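To keep things clear, I will list the structure first and then write my remarks on it.
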Amino acid sequence: MTEFNPIEFESKWQAKWSDANAFHSDYAPGQEKFFIIFAYPGISGYLHVGHMRGFTYADVLARYHRMQGRSVLFPAGFHASGLPATSLAKRVARQDEKTMTYLRKNGCPEDVLAKLGDTDQVIKYFSGVYVEDYWKKFGFTIDYQRAMTTISPGYQKFIQWQFHKLEERNLLVHKPHVAPFCPNCGPIAVDASMTDVSKGGNAQILEFTALKFKDDEGNIWPAATLRPETVFGVTNMWLNPNVKYQKIKIGDETWIVSPEAAQKLSFQRDNVEMLEQIQGTDLIGGELTVPVTEKKVLILPGDFVDPAVATGVVMSVPTHAPFDWAALLDAQKVAEDLQSQYGIDPEAVRSIEVITLIHTSKSKSDNPARDICDRLGVKSQTDHDLLEQATQEIYKDEFHSGVLNDACGEYAGTRVSQVKDTLREDFIYKGVATPFHEFSEQVVCRCDTPVVIKKVPKQWFIKYSDEDLTWKTKDHAEMMNIVPKEYYNEMPNVLDWFSDRACIRQGSWLGTEFPFEENWIIEPISDSTLYPTYYIPSKYVNKGKLDPSEMDNRFFDYIFLGMGNPTEWGVGDDKVELYNQIKADFDYWYPLDINLGGKEHKTVHFPVFLMNHCAILPGNKWPRGIFVNWWVTMTGGEKIAKSKGGAEPIPEAIEKYGVDAMRLYYCHVGSAHLDIEWEQKIVLHYRSRLRKIWDMVHDALENEADVENEIDQWLISKFNEHRTKVLKFLSEMDIRNAANEVYFNIYHTFSWYNKRGGQNTKILKKMYAEWIKTMAPITPHVAEELWERIGGEGLVSTTEIPAAGEVDKKVLVQEGYVVDLLDDIRNIMGLLKDKPSKAILYTTPQWKVDVLNEVLSIKRDDPEAKKFDMGAVIKKFMGTPGMEPYREDIPKFVGTLTKMFASITPVELEQKSIQFDEFDYIASAKEFLEKELECPVEVYRADGEDIPDPQGKSKQAQPLRPAILVQT
RNA sequence: GCGGGGGUACCCGAGCGGUCAAAGGGGCAGGACUUAGGAUCCUGUGGUCAGUCCUUCGAGGGUUCAAAUCCCUUCCCCCGCACCA
């Protein structure tokens, strides 16, 4: 037996494919085409086994379509824009320990490592790694003639053109915005990979509502809150007596806030002027007017007020804020002290009446804050953790199920969740409130300066909220082939939800310069939306035929939109011809058939990919399909992360498992829309699966037996049935089921053929050849190697898989009958204590077949019927000559058919209607049954003469269900 | 909150109105082959039992001749939410 050693033949076939240029995409007018891409990877360092999952699916689909006779375009590129490449270079430059370890662990050579502090080198090196170490080694049928990166000059010209189109279509808007900013370094990115920050990479920008409380002098005391609706329940204010408050001038208003807040405001507002500071203690005991309600309330001391959080000015709503409730109780307890310290009338403190605003289904009384403090055992305002928990609970409950009551004026009777935004907008519109932005946690820049939120006066957005565009895109998405279907259903909602997106930024990252504003770079999501179009001209750029300098707006207008006429450009005949060729190419390949990407793209990349196509290109160029794949996780469902060492480096994995085993693993271990766990053992299992198949095929190669047998016909029909399924699954992008059919079900069919004594090597080799074709999309290396060994011509990868051949249903039913019979006998034998000495089978008597056929024909005549006239059927057969001996059995048997009659499916009806002689068929399978059961088998017709029937079993025989007697 | 998904046998998971006691893997048990096996093959893996029966698909109701699959109620779990790819 030839040893199964994938490593030996994998590189051999990769070289042959490459030498033959087998997968170059051919412009082939008249021939059907298929255009697929996977979302190009960002250059972020080494990839892991999870990335290969999606890439593999794309290759499987590309290979399948190629083997269906289509001209296939499967290009690939690199998304170098944005942070990842820069981030990696920066980390190498500062010799970040984790990064260095990770690079070395993945086998980065030291001389390369020394250069990776430079972003260009990072891009150059890793794009090489992706192609040579991953994609080629995985046998992907990518057309590398078209490879491109998003920071190449040609691509940048293309992106600029795209933005001109967006501008022309009124889809670029600008408005004020806020963004993270380091006072020392300028605009920076707050992201989880911590490129620019040393702390707070996961921080979010929270949008508070600052309510403008006023004192008698007209000074504004902004209390920033996430719950503006509670303004109706304010009973007092809290200031920290130990803090020196800062008076500032904003426009023509004077504000009083904590010094930290004054600092933050100076970035969020124009013209902020610092005035004097006032000790908190001096402010306690004063009165402020509540906005909206115009009520006067007292300022009380609150030690818990953190000057670093929000504005340092806190409004108190004791019924709905546990902190406020606890603090108010404390204050009331020490009312006398407050008098001596701050001159506050103790009676005024004690008489503060709480106001209830919100009622929920869980409300027990009119003071939910008190209820929850009692329940959790809060003793004072110092029980910080408990109060935090209480706040969370109350907030959640009241937000979800709360309804505002009569204390809330015009908003009474509305749900908190519904009215919150409206109410906030109303307040801002009326001038009693204003937005205030704050990080959810502290963020510190790499230079150790705390990061602030800075107002960007003129931020450009792509107007994804555009109604017409949204409507158009949703309409189109409905006609698209989007898998899984869950995502298809979700897509309209995602498109509705998608609002304007900031599309440019300043600071250090890679990308294309924004054409309408200097020193702004287009943001990486926005420069990767329409890009599949660029794979068409990229081939000409790569070949040196097309220069970026000539790729101006009129060029792209012509090739992508068919606008203009190159003959009028005065560029010479050669160029005109070239442009026409590129345009023809584009018209041939576009639209894109499948855009394949991971689940992380569901709410970002895919929607903008669709919307930009719909915004810019004509309707006949809009994408046809999206395929989303889920992730590979570490054992236990944990996300693969570089910080945790990642999974096995890909080159090592390839060597250990073999590429095809990995490909099969991805395709079969779980559906594409499910996270799968990376487990060595399982991958090895798939390797041994391939080895079994390898051995099976080699058996036939080494076997010269050439015995014809009835079972041969079954094999052919059964295989054809399998192949029909495989092709159907692949056409539906159900890769998992296709893999199941090819590597498991077909394997079992061949095993059964063997078991049944099939030895027709000629037939077998023919069928194996067909089988190997079906393997080629998923495990191409094994397929090529077996194809060659079995004497196939040329490359199997470029051979067509024929649409399925004929299926003889009768043959399939007959053999299925034996399978069921064997099962039943085994079932009975399993119940016996002793070893069986003989199995006697009684096939159905003819009269039962006749009765059954009569009933089936009634069903055929009226497939909707649930009942049939039993009396008529019984009568008919009772009167038939020769039926006398069965007079007692007829009604009983007819009775058993009623249930079947009601529930039979069309498929079953067809199967049951197929006629064959059961006795003859079992008799021919007798030897096989004896071998399988390891005991003698006798077969009789239940209505035969003088048959041995010691236990009267023969009466139980039914069509397709022989009676069985096992003797011990 | 908004949006989406889900609860299936020991585990992972397929099925999404009838061919369902429920695919495929894994685990476990028995057998075969073996110097041995963590290799491979076969068989079994809800209950009952000489097979066509009974009880199961988070819980409770309902529709239907027929429900894991459809409808309602309810409990629980997971994921995404933006300038970050």
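In what follows, every heavy atom counts, from backbone to side chain, and hydrogens, waters and symmetry copies are set aside. Since we're looking at a predicted model, the values are computed, not measured. Note on naming: letters A, B, ... go to the chains in the order of the sequence lines (proteins, then strands), and numbering restarts at 1 for each one.
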State, with a plain yes or no, whether a side-chain heavy atom of A:Lys718 is found less than 4.5 Å away from one of A:Leu812.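 In contact.
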Need the pair for [N]. Rule: Watson-Crick or G-U wobble, both distances under 3.5 Å, any strand; none if unpaired.
| N | result |
| --- | --- |
| B:C2 | B:G80 |
| B:C16 | none |
| B:G37 | none |
| B:U63 | none |

Nearest-Å distance for atom pair [atom1]/[atom2], residues [X] and [N]:
| X | N | atom1 | atom2 | result |
| --- | --- | --- | --- | --- |
| A:Leu933 | B:G31 | CG | C1' | 15 Å |
| A:His673 | B:A14 | NE2 | P | 6 Å |
| A:Lys681 | B:G26 | NZ | P | 9 Å |
| A:Glu229 | B:G1 | CD | P | 15 Å |
| A:Lys602 | B:G80 | NZ | C1' | 7 Å |
| A:Phe606 | B:C81 | CZ | C1' | 18 Å |
| A:Asp496 | B:G4 | CG | P | 11 Å |
| A:Gln680 | B:G38 | CD | C1' | 13 Å |

Along RNA chain B (nearest heavy atom to each residue), the more 5'-positioned of A:Val966 and A:Asp734: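 The 5'-side residue here is A:Asp734.
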Reading RNA chain B from 5' onward, which residue's closest nucleotide shows up sooner: A:His748 or A:Val190?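 Closer to the 5' end of RNA chain B: A:His748.
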Which whole number of Å gives the distance between the [atom1] atom of [N] and that of [M]?
| N | M | atom1 | value |
| --- | --- | --- | --- |
| B:A21 | B:C75 | P | 33 Å |
| B:A9 | B:G4 | P | 27 Å |
| B:U69 | B:G62 | P | 14 Å |
| B:C20 | B:C2 | C1' | 38 Å |
| B:G47 | B:A22 | C1' | 16 Å |

Quick one: is [X] getting a side-chain N or O under 4.0 Å of the [N] phosphate, OP1 or OP2?
| X | N | value |
| --- | --- | --- |
| A:His685 | B:G26 | yes |
| A:Lys599 | B:G4 | no |
| A:Ser499 | B:A82 | no |
| A:Asn493 | B:G4 | yes |
| A:Thr603 | B:G3 | no |

Using a cut-off of 4.0 Å on non-hydrogen atoms, how would the nucleic acid contact of [X] be classed: base, sugar-phosphate, or nothing?
| X | answer |
| --- | --- |
| A:His79 | sugar-phosphate |
| A:Asp824 | base |
| A:Pro962 | base |
| A:Leu83 | sugar-phosphate |

[X], nearest nucleotide to its side chain (from [options]):
| X | options | result |
| --- | --- | --- |
| A:Ala502 | B:C83, B:G51, B:C41 | B:C83 |
| A:Arg501 | B:U52, B:C83, B:U40 | B:C83 |
| A:Lys755 | B:G26, B:U43, B:C41 | B:U43 |
| A:Gln956 | B:G51, B:C84, B:G13 | B:G51 |
| A:Gln951 | B:A50, B:C83, B:G5 | B:A50 |
| A:Lys692 | B:G26, B:G24, B:C41 | B:C41 |

SB check A:Glu815 A:Arg756 (cutoff 4.0 Å):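 Judged by the 4.0 Å cut-off on N to carboxylate O distance, A:Glu815 and A:Arg756 do form a salt bridge.
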Is it true that A:Arg691 and A:Asp695 make a salt bridge, defined as a side-chain N closer than 4.0 Å to a carboxylate O?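 Here A:Arg691 pairs with A:Asp695 in a salt bridge, since their nearest N and O are under 4.0 Å apart.
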Verify, without hydrogens or angle tests, whether A:Glu918 (side chain) and A:Leu960 (backbone) share a donor-acceptor contact under 3.5 angstrom.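 Between the backbone of A:Leu960 and the side chain of A:Glu918 there is a qualifying donor-acceptor contact (under 3.5 Å).
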Under 3.5 Å donor-acceptor, A:Gln459 side chain and A:Ile504 backbone: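 A pair under 3.5 Å: yes.
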Proximity of A:His601 and A:Phe609 rings by center, below 6.0 Å: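 No, they do not, as the ring centres are separated by 6.0 Å or more.
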Answer yes or no for A:Lys859 and A:Phe868: cation-pi contact, defined as NZ/CZ to six-membered ring centre under 6.0 Å and angle to ring axis within 45°.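 Because its charged atom misses either the 6.0 Å distance or the 45° angle limit, A:Lys859 does not stack over A:Phe868.
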Would you say A:Tyr743 and A:His668 are linked by a side-chain donor-acceptor pair, where the criterion is simply a distance under 3.5 Å?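 Absent: no donor and acceptor within the cut-off.
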Ring-on-base stacking between A:Trp497 and B:A82, under 5.5 Å between centres and under 30° between planes: is it there?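 Ring-base stacking flag set for A:Trp497 and B:A82.
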